[in-house]
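Here is the structure we will look at.
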Amino acid sequence: MSEKIEPYKDIALIYDEVRPSYPEQLIKDIIEATNIKPNNTLLEIGAGTGKATVQFAERGFKIHAIEIGKDMGGILTEKCRIYPNVSVEIASFEDWLPQHNGKYDMIFCAQAFHWLDVAVKYKKCHSLLKEDGHLILFWYNASGEETEET
């Protein structure tokens, strides 16, 4: 296993308190665009403290979440205890080996894909996706602009 950076080590609680969640419309748009259903299997890379994980878990999706940080993963695990369809594994995505031979309907990564090894991340995602699966990557960027809620 190679040595990996553990982002936000020792500040996971602060991160979880100050980091905004994702807009509900983004989650709805992802579900609509990919046509995923609650019986589909999702893989989340770099789940952090579960900001995106919980938004999909609340809708009943079966999610296996991978998080490299022990501190972040501890918060994630605690948040996901109430979601029986969510499992959490503390590991780097590059070193992680799936415990089954199944493939995923959707792999998603919120705010963390840039941390991954470019020589591994795309190929590994491709090998883990079903033929008609989706790789969804998203980030939060504060624009300073205000929008009207609809």
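- Shown here for Ile68 and Ser92, the closest heavy-atom pair between the two residues is CD1-CB, 3.6 Å.
- In this structure, Lys62 has no salt bridge (Lys or Arg N to Asp or Glu O under 4.0 Å) partners at least two apart in sequence or on a different chain.
- Linking ILVMFWY side-chain heavy atoms closer than 4.5 Å, directly or via other members, places Met72 and Ile14 in two distinct hydrophobic clusters.
- Shortest non-hydrogen contact noted between Ile107 and Cys125 is CD1-O, 3.6 Å.
- Within the structure, salt bridge (charged side-chain N to carboxylate O under 4.0 Å, His left out) contacts touching residues 44-57 (residues at least two apart or in different chains) are Asp16-Lys51.
- With sequence neighbours excluded, the residues forming a side chain to side chain contact (heavy atoms under 4.5 Å, CB included) with Ile31 are Ile27, Ile36, Phe56, Arg59, Phe61, listed by chain and number.
- Residue Glu32 qualifies as open at atom CD: its count of foreign heavy atoms under 6.0 Å is 12 or below.
- Among all heavy-atom pairs drawn from Ala57 and Val86, the shortest one is CB-CG2, 3.6 Å.
- Under a hydrophobic clustering in which Ile, Leu, Val, Met, Phe, Trp and Tyr are joined whenever their side-chain heavy atoms come within less than 4.5 Å, directly or via other members, Val118 and Phe113 fall into the same cluster.
- Taking the side chain as every heavy atom from C-beta outward, Leu116 and Ile45 approach each other to under 4.5 Å.
- Annotation: side chain of Thr53 is in contact with side chain of Cys80 (closest heavy-atom distance under 4.5 Å).
- Two different hydrophobic clusters hold Ile136 and Ile66 under the rule that ILVMFWY side chains link at heavy-atom gaps under 4.5 Å.
- What you find for Ala47 and Ala65 is that their closest heavy atoms are CB-CB, 3.8 Å.
- Within the structure, ring-ring contact (aromatic ring centres under 6.0 Å, His included) contacts touching residues 20-42 (residues at least two apart or in different chains) are Tyr22-Phe138.
- In this structure, the separation between OG1 on Thr41 and NZ on Lys37 is 14.5 Å, given to the nearest 0.5 Å.
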Side chain to side chain contact (heavy atoms under 4.5 Å, CB included) between His64 and Leu42, worked out: CA-CA 6 Å; His64 186 68; Leu42 282 51; over 6 Å; no
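- Proximity of a side-chain donor or acceptor of Glu89 to a complementary backbone N or O of Ala91 within less than 3.5 Å is not detected.
- Tyr83 meets the ring pair (Phe, Tyr, Trp, His ring centres under 6.0 Å) test with no other residue; sequence neighbours excluded.
- Distance check: Ile30 CD1 to Asn35 CG gives 14.0 Å after rounding to the nearest 0.5 Å.
- Minimum interatomic distance between Lys124 and Ser127 (heavy atoms only, all atoms of both residues): O-OG, 2.8 Å.
- Of the inter-residue distances, the one linking Ile90 atom CD1 with Leu76 atom CG reads 6.5 Å to the nearest 0.5 angstrom.
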Could you give the side-chain donor-acceptor pairs of residues 128-135 under 3.5 Å, partners two or more places apart or in another chain?
residue, atom, partner, partner atom, Å
Lys130, NZ, Asp105, OD1, 3.1
Lys130, NZ, Asp105, OD2, 3.4
His134, NE2, Thr34, O, 3.4

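- Interatomic distance, CZ of Arg19 versus OG1 of Thr49, reported as 9.0 Å (0.5 Å rounding).
- Looking at heavy atoms from C-beta onward, Cys109 lies out of side-chain contact with Phe93 at the 4.5 angstrom threshold.
- Rounded to the nearest 0.5 angstrom, His126 NE2 and Lys103 NZ are separated by 8.0 Å.
- Counting only heavy atoms from C-beta outward, the side chains of Trp96 and Leu43 approach each other to under 4.5 Å.
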Check against side chain to side chain contact (heavy atoms under 4.5 Å, CB included), Ile75 and Lys79: CA-CA 6 Å; Ile75 295 169; Lys79 281 184 184 179; 4.0 Å; yes
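- Looking at every heavy atom in both residues, Trp115 comes nearest to Glu94 through O-OE2, 4.3 Å.
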